[in-house]
Number of protein chains: 2
Amino acid sequence: MASPESNSAEASDTRDRVIDAAEKLFAEQGFEAVSLRQITAQADVNLAAVNYYFGSKEGLIVEVMARVVGPINERRLVMLDEAESEAGGEAVEVKRILEAVFLPLMASMNESEHSRKVMLKLAGRCMSETGSEMPEVVGRLFREVADRFCAALSRALPHLAEAEVYWRMHFTIGAMLYALNQHETLVLLSNGRVEADDAEKALQELVAFTAGGLCAENVSCGKGAGK
Amino acid sequence: MASPESNSAEASDTRDRVIDAAEKLFAEQGFEAVSLRQITAQADVNLAAVNYYFGSKEGLIVEVMARVVGPINERRLVMLDEAESEAGGEAVEVKRILEAVFLPLMASMNESEHSRKVMLKLAGRCMSETGSEMPEVVGRLFREVADRFCAALSRALPHLAEAEVYWRMHFTIGAMLYALNQHETLVLLSNGRVEADDAEKALQELVAFTAGGLCAENVSCGKGAGK
DNA sequence: TGACAATTAAAACAAGTGTTTTAAACGTGT
DNA sequence: ACACGTTTAAAACACTTGTTTTAATTGTCA
C-alpha cells in the first residue's frame, strides 16, 4: 500500500537503472516512441518496475526530465545572478545573457562521456514536442528561467517594445533548439564544411547569430538597403 | 490487382476526403499520434481506404506533405529567381532572400480559411520531427530549395566563411520553425503582449531577427562591448 | 442485360502498448 | 527463526495500432 516514491533517500539499484535507460532511449527516439518494454529490457529490469517506482510512464518522463534539465536551469540562474551583480544597477549586456542561457547546456554535454548526444537530443526534444506529447509538469521546469531571462533582455534592449523582446527571445530559443535537435542534419547538409561535435564553435556561432538578431534595429544589411 | 495509384487523373471523392482529414489531424497532433481510424472516421470513409489508395500510412503522409509543401517550395524558388534576375549579376540582398523563404509560407496560411493553423503547425512539424518519425521522402522535398538558398546567401554574405553560412541558415530555419510550431506558447508566455494570428507582425519580426543574425559581424551590441 | 473491373464495407489478424494482478523472493528487525 | 514490509518476477489484461482478408456493392463497357 505504501508508495515506494516516499523514501527518496534510499538508493534502489533498479530504480536508477530504469532512469538511466529511459534517459538514453528517450533522447534517441522521443518520449512516445519508446516503450516501457524497451526501457526495462535495456535496464535489465522487470517490466512492472516502472509502474512500481514511478506510477506510470509519464511519471518516469517527469523524473528523467527533472534530473536532466534541473541542474542546467540552476546554473543558468546562477550565471545570470553573477552577471547582474557584476553589472551593478546597469543592464547586463546581451552577449552575457545569451551565454548564461547557452553555456550551462553546452557544459553539461561535456560532463559525462555518453551524455554528449543524449543531453543534446533530449534538451532539444523537450521543447520541440508540443502539447499532448509533453507533460505540463516538464513545461513548468522552464517557466522561472524564462521569466528571469526575459526581464534581463528587456533591460538590455530598451529600444525594443516589450512584445518585440518576447518575439526575439522566442526566435533565440528556436535557433538554439533546432541547432541541438537537428545538428546531424546540418553536418550532413553542409557536406562536412561544418564539423560534428565542435561544441566550442557551435556556441560561438549561436551567440553571434542570436545576438545579432536580438540587437537588430532594422533589416538593412549586406548589399544596399531594400528599394 | 491493378494499383489504384496509377490513375492519377481521376478524382476519387473518398481519396480526397482522406487527404483532407489527414492533413488536418496530422497538423493538430503529429504524424505518429494520429491513427488511421481517426483519419477514416473524420473523413467518413472506411478504414481500408487508406491502404487501398496510399498503400500504407507512410504513403499517405508523403502524399499529404507533398500537397502542402510542394506549392510553397515552388513559389519560393520563383521568388528567388525573380530577385536574382532583378539583381542582375549582383548578389541578392539578405532581406529579399529571407522574404522569398518566409512569404510563400505565410501566404499559403491565408489562402483557405481553415488552413491557417493547419499549414502552420504542419510546416512546423515537418522539420521538428527527427529521423524515424519523418519519412525520408519528405526530407527530399526540401533539398533543392535548401541548396538554392544557401548559394544565394553565400553570395550575399561574402564576409562569412562557408561553414558560417550553413550555421546561420540553420539558425534561421530553427527560428522560423519554432515560431510556427510554438506560436501558442509565445502568445501565452507573453501574457497577451504578443497577439495571436498577426501574421503580418510575425513576418516582420522574423525577418528583422534573422536578418540581424545572418548579417552579424560580431556580438558587440547594446550596452557597451564585452570586457 | 451480363460480365468484369474498381471501389467500398465489415470483420478479423497479428503485433505492440501501458497497466494490473498474482506470486515468489529478498531483506530486516524482533 | 519467524514474520513483515519491500522489492522483483511472470503472466495476464484490456486496448490500440497498421494491415489483410473476404464480401458486398457499384459503375462501366461490350
Side-chain angles (χ1 to χ4, degrees), chain A residues 1-23 25-26 28-65 129 132-135 137-138, chain B residues 1-23 25-26 28-65 129 132-135 137-138:
Chain A
M1 215 50 154
S3 167
E5 307 174 37
S6 44
N7 347 338
S8 60
E10 303 173 13
S12 166
D13 192 38
T14 76
R15 191 178 189 281
D16 287 341
R17 280 219 303 280
V18 169
I19 295 188
D20 289 336
E23 177 183 302
L25 290 172
F26 283 153
E28 289 171 358
Q29 309 178 34
F31 296 119
E32 290 197 356
V34 176
S35 72
L36 295 184
R37 283 169 178 81
Q38 278 181 270
I39 295 172
T40 52
Q42 172 88 231
D44 202 42
V45 150
N46 189 267
L47 170 62
V50 171
N51 286 281
Y52 177 73
Y53 281 109
F54 307 100
S56 66
K57 185 184 184 181
E58 177 162 324
L60 173 61
I61 294 176
V62 171
E63 204 87 357
V64 169
M65 286 308 303
E129 307 211 350
S132 54
E133 306 155 22
M134 191 74 175
V137 190
V138 181
Chain B
M1 218 49 154
S3 167
E5 306 175 40
S6 44
N7 345 337
S8 60
E10 303 173 16
S12 166
D13 192 39
T14 77
R15 190 178 190 279
D16 287 341
R17 279 219 305 279
V18 169
I19 296 187
D20 289 336
E23 177 184 300
L25 290 172
F26 284 154
E28 289 171 357
Q29 310 178 32
F31 297 119
E32 291 196 355
V34 176
S35 73
L36 295 184
R37 283 168 179 82
Q38 280 181 267
I39 295 172
T40 52
Q42 172 87 232
D44 202 42
V45 151
N46 190 267
L47 171 63
V50 171
N51 286 281
Y52 178 73
Y53 281 107
F54 307 100
S56 66
K57 184 185 184 181
E58 178 162 325
L60 173 60
I61 294 176
V62 171
E63 204 88 358
V64 169
M65 287 308 303
E129 307 210 352
S132 54
E133 308 156 18
M134 192 75 177
V137 189
V138 181

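Numbered from 1 within each chain, the chains take letters A, B, ... in sequence-line order.
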Could you go through A:Phe26 and A:Ile39, starting from their C-alpha distance and side-chain angles, then the distance that decides it, and tell me whether this counts as side-chain contact (heavy atoms from CB on, under 4.5 Å)? CA-CA 9 Å; A:Phe26 283 153; A:Ile39 295 172; 4.0 Å; yes
Mind running side-chain contact (heavy atoms from CB on, under 4.5 Å) on B:Ile19 and B:Tyr53 for me, showing each step along the way? CA-CA 10 Å; B:Ile19 296 187; B:Tyr53 281 107; over 6 Å; no
Derivation and outcome, side-chain contact (heavy atoms from CB on, under 4.5 Å), residues A:Val62 and A:Phe54: CA-CA 9 Å; A:Val62 171; A:Phe54 307 100; over 6 Å; no
B:Asn46 vs B:Tyr52, side-chain contact (heavy atoms from CB on, under 4.5 Å): CA-CA, chis, key distance, verdict: CA-CA 10 Å; B:Asn46 190 267; B:Tyr52 178 73; over 6 Å; no
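In this entry the distance linking CD1 of A:Ile39 with C1' of C:dG16 reads 15 Å, nearest Å. Rounded to whole Å, the distance from CG on B:Asn51 to C1' on C:dC13 is 13 Å. Following rounding to the nearest Å, B:Phe31 (CZ) and D:dG18 (P) show an atom-to-atom distance of 14 Å. Atom pair A:Arg17:CZ and D:dT8:C1' shows a separation of 11 Å (rounding to whole Å applied). Rounded to whole Å, atom C1' of C:dG16 lies 15 Å from atom CD of A:Glu32. When the C1' atom of C:dT17 is taken as reference, atom CD of A:Gln38 falls 11 Å away, rounded to whole Å. Between the P atom of C:dG27 and the CG atom of A:Asp13 lies a distance of 12 Å, rounded to the nearest Å. Whole-Å rounding puts the B:Leu36 CG to C:dA9 P distance at 16 Å.
The phosphate of D:dT8 has OP1 or OP2 within less than 4.0 Å of a side-chain N or O from A:Tyr53. Remark: A:Thr14 is not in phosphate contact with D:dT7, judged by side-chain N or O atoms under 4.0 Å from OP1 or OP2. At the phosphate of D:dT16, neither OP1 nor OP2 sits under 4.0 Å from any side-chain N or O atom of B:Ser35. Here B:Tyr52 reaches the OP1 or OP2 of C:dT7: one of its side-chain N or O atoms lies under 4.0 Å away.
Near-neighbour residues of DNA chain D inside residues 41-49 of chain A, defined by a heavy atom below 4.0 Å, number-ordered: A:Asn46, A:Ala48.
Checked by distance alone, A:Arg37 brings a side-chain donor or acceptor within 3.5 Å of a matching partner on the base of C:dG18.
Note that CG of A:Leu25 is 11.0 Å distant from CG of A:Asp20, once rounded to the nearest 0.5 Å. Atom CD of residue B:Gln38 and atom CD of residue B:Glu28 lie 9.5 Å apart, to the nearest 0.5 angstrom.
Side-chain contact check for A:Val64 versus A:Phe31: every heavy-atom pair is 4.5 Å or farther apart.
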